[in-house]
Amino acid sequence: MPAPQAWSACASTHGLRARAEMLARIRAFFAAAGVMEVETPILSHAGATDPALASLDVAATPVEAGAPPDRRLYLQTSPEFPMKRLLASGSGPIYQICKVFRGGERGRRHHPEFTLLEWYRPGWDDERLMGEVADLVRTALQRPTLPMERVRYRDLFREFLDLDPFTAPVQTLREAAITAGIPGADRLDLERDAWLDLLLTQCLEPCLGRSAMSFLCEYPPSQAALARIRPAGTSPHAQAVAERFELYIEGVELANGFHELTDAAEQGARFAHDCAERRRLGLAEIPPDGLLLAALESGMPASSGVALGLDRLLMIATGAPHIDQVLAFPIERA
């Protein structure tokens, strides 16, 4: 078979049609549920402060007359912050299907530009949102009987690695990574949460979502990101946990959800911590989103929200082993 020409589409016509039909089912799902579709800016004066994310930026001078020469605009890594501003403005339940951008991400399941579905439910907690995520995935995949399960973060580590991720010291986590045969683990010098993330991605994720949709939940508070913290004594293990979840199917992470943090002071402190960590790691300085903090200060309603990667979901639906097979034109042909 001749090699494909550089101008031609990467996804097949069948793959392109599968994407269009999935998007139509998702929009019909939210229309029936009374959730409004919205659009927010792709470019922002603020970026993602999370040290694990690399924001892509562009020069602002051609966009804004009189802007300083070094002024930058950031391509969104998620529409989360402007959507929360809409919630604070009284939008009610909302969803968005949009392109997002993350630098340094390229591989079988990663692409620097990808399609994200994100939605928010005022008045809901993360437990209730997990149920709706499961229903949405069943609809998108046309698998109405696909079961779901909730897996506690702590239980997962205890069952498969025989360690407690909430209390195990760094040296124990390092030894577990070496014992598991993770390449280069004996040469790494990582912070505690980085060791946990390494063990999760390399040793535990592949076993999730094999017989059901797996919702991994009750993360350590240090991994709360933008989620609330459930105080000690209110969870089954009498341990403070982050009210967040991640969805896995066939060992693939598809979604990340939160019972959203609405405390402006706490969110500002987390931004400051992120910025300090970026400086420590020698990463680019990223301006925090002051408009989000103002929206939280004004009184964003208690909400839960989730972001779901549609390209990966389409890979599951079509059996595609590489993300390029569900993209019209990957970055190399863009």
Side-chain angles (χ1 to χ4, degrees), residues 52-53 102 104-112 114-117 126 130 133-134 136-138 140-141 143 145-166 168 170 172-188 190-220 222-223 225 241-242 244-258 306-327:
L53 298 177
R102 297 181 184 180
E105 297 198 5
R106 187 66 174 112
R108 187 165 71 87
R109 296 172 181 162
H110 293 85
H111 193 263
F114 59 100
T115 303
L116 198 67
L117 164 63
D126 52 317
M130 277 187 261
V133 173
L136 180 280
V137 169
R138 292 183 186 111
L141 295 179
R143 302 182 190 177
T145 62
L146 184 63
M148 67 173 287
E149 64 177 359
R150 288 175 170 83
V151 180
R152 294 188 179 93
Y153 187 97
R154 194 176 203 176
D155 293 344
L156 184 69
F157 276 80
R158 282 175 162 172
E159 179 179 356
F160 289 95
L161 295 176
D162 194 27
L163 61 83
D164 187 335
F166 286 78
V170 168
T172 298
L173 301 177
R174 181 176 184 273
E175 290 169 358
I178 294 171
T179 300
I182 298 175
D186 58 332
R187 300 187 299 274
L188 293 176
L190 303 176
E191 298 289 321
R192 192 169 186 284
D193 280 322
W195 280 115
L196 289 173
D197 187 60
L198 184 67
L199 289 167
L200 175 63
T201 56
Q202 298 298 311
C203 302
L204 302 176
E205 284 186 352
C207 67
L208 292 170
R210 294 301 174 180
S211 59
M213 290 179 278
S214 295
F215 286 86
L216 186 62
C217 57
E218 297 192 5
Y219 281 67
S222 58
Q223 297 184 32
V241 295
R244 61 173 291 198
F245 63 84
E246 291 190 351
L247 167 64
Y248 292 85
I249 297 179
E250 298 176 12
V252 178
E253 179 201 342
L254 293 173
N256 195 3
F258 304 104
V306 61
L308 190 153
L310 290 183
D311 303 305
R312 289 187 179 182
L313 189 63
L314 192 57
M315 289 174 67
I316 298 293
T318 61
H322 199 289
I323 195 170
D324 288 11
Q325 293 173 263
V326 299
L327 301 177

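Start at 1 with the first residue, then count along the sequence. Note that the structure is a prediction, hence the values are computed from the model and not measured. Only this structure's heavy atoms are used, side chains among them; waters, hydrogens and symmetry mates stay out.
Note: T115 OG1 to L308 CG = 11.5 Å, rounded to the nearest 0.5 Å. Taking CD from E246 and CG from L208, the interatomic distance works out to 9.5 Å, rounded to the nearest 0.5 Å. Between the CD atom in Q223 and the CZ atom in R192 there is a gap of 9.0 Å [rounded to 0.5 Å]. Here CD1 of I182 is found 7.5 Å from CH2 of W195. Values are rounded to the nearest 0.5 Å. Here L141 contributes atom CG and L146 contributes atom CG; the two are 7.0 Å apart, rounded to the nearest 0.5 Å. A distance of 9.0 Å separates CG in L196 from CZ in F166, rounded to the nearest 0.5 Å.
Here the closest non-hydrogen pair linking P147 and S211 is CG-O, 3.5 Å. Looking at every heavy atom in both residues, H322 comes nearest to G107 through CE1-O, 3.6 Å. Taking every heavy atom of both residues into account, A176 and L199 meet most closely at C-CD2, 4.0 Å. Of all heavy-atom pairs between R109 and M315, the closest is CG-CE, 4.3 Å. In terms of heavy atoms, C217 sits closest to M130 at CB-CE, 4.3 Å. In plain terms, the two heavy atoms of E149 and S214 that are nearest each other are OE2-OG, 2.6 Å.
In this structure, the side chains of V137 and I316 stay at 4.5 Å or more apart for every pair of heavy atoms. Here the side chains of F114 and L327 are not in contact, with every heavy-atom distance at 4.5 Å or above. Residues R244 and N256 have side chains in contact (heavy-atom distance under 4.5 Å, counting atoms from C-beta outward). Side-chain contact between I323 and R106: present, with at least one pair of heavy atoms (C-beta onward) separated by less than 4.5 Å. At least one side-chain heavy atom of L136 sits less than 4.5 Å from a side-chain heavy atom of L117. Residues V133 and F245 form a side-chain contact, since some pair of their non-hydrogen atoms from C-beta on lies under 4.5 Å apart. Contact check for R174 versus L188: no side-chain heavy atoms found under the 4.5 Å cut-off. R138 is not listed as a side-chain neighbour of R143, based on a closest heavy-atom distance of 4.5 Å or more.
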Output, in order, the C-alpha distance, side-chain angles, deciding distance and verdict of side chain to side chain contact (heavy atoms under 4.5 Å, CB included) for T179 and L161.
-> CA-CA 10 Å; T179 300; L161 295 176; over 6 Å; no
Test log, rule side chain to side chain contact (heavy atoms under 4.5 Å, CB included), inputs L173 and L190 = CA-CA 10 Å; L173 301 177; L190 303 176; over 6 Å; no
Given side chain to side chain contact (heavy atoms under 4.5 Å, CB included), test E253 with E205 step by step and report yes or no.
-> CA-CA 8 Å; E253 179 201 342; E205 284 186 352; 4.3 Å; yes
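The closest donor-acceptor contact from the side chain of R210 to the backbone of P206 lies under 3.5 Å. Remark: side-chain polar atoms of R108 are paired, donor with acceptor, to backbone N or O of P321 under 3.5 angstrom.
Atom CG of D186 is surrounded by more than 12 heavy atoms from other residues, nucleotides or ligands within 6.0 Å.
Ring pair Y153/Y219 is tilted by interplanar angle, where 30° to 60° counts as tilted.
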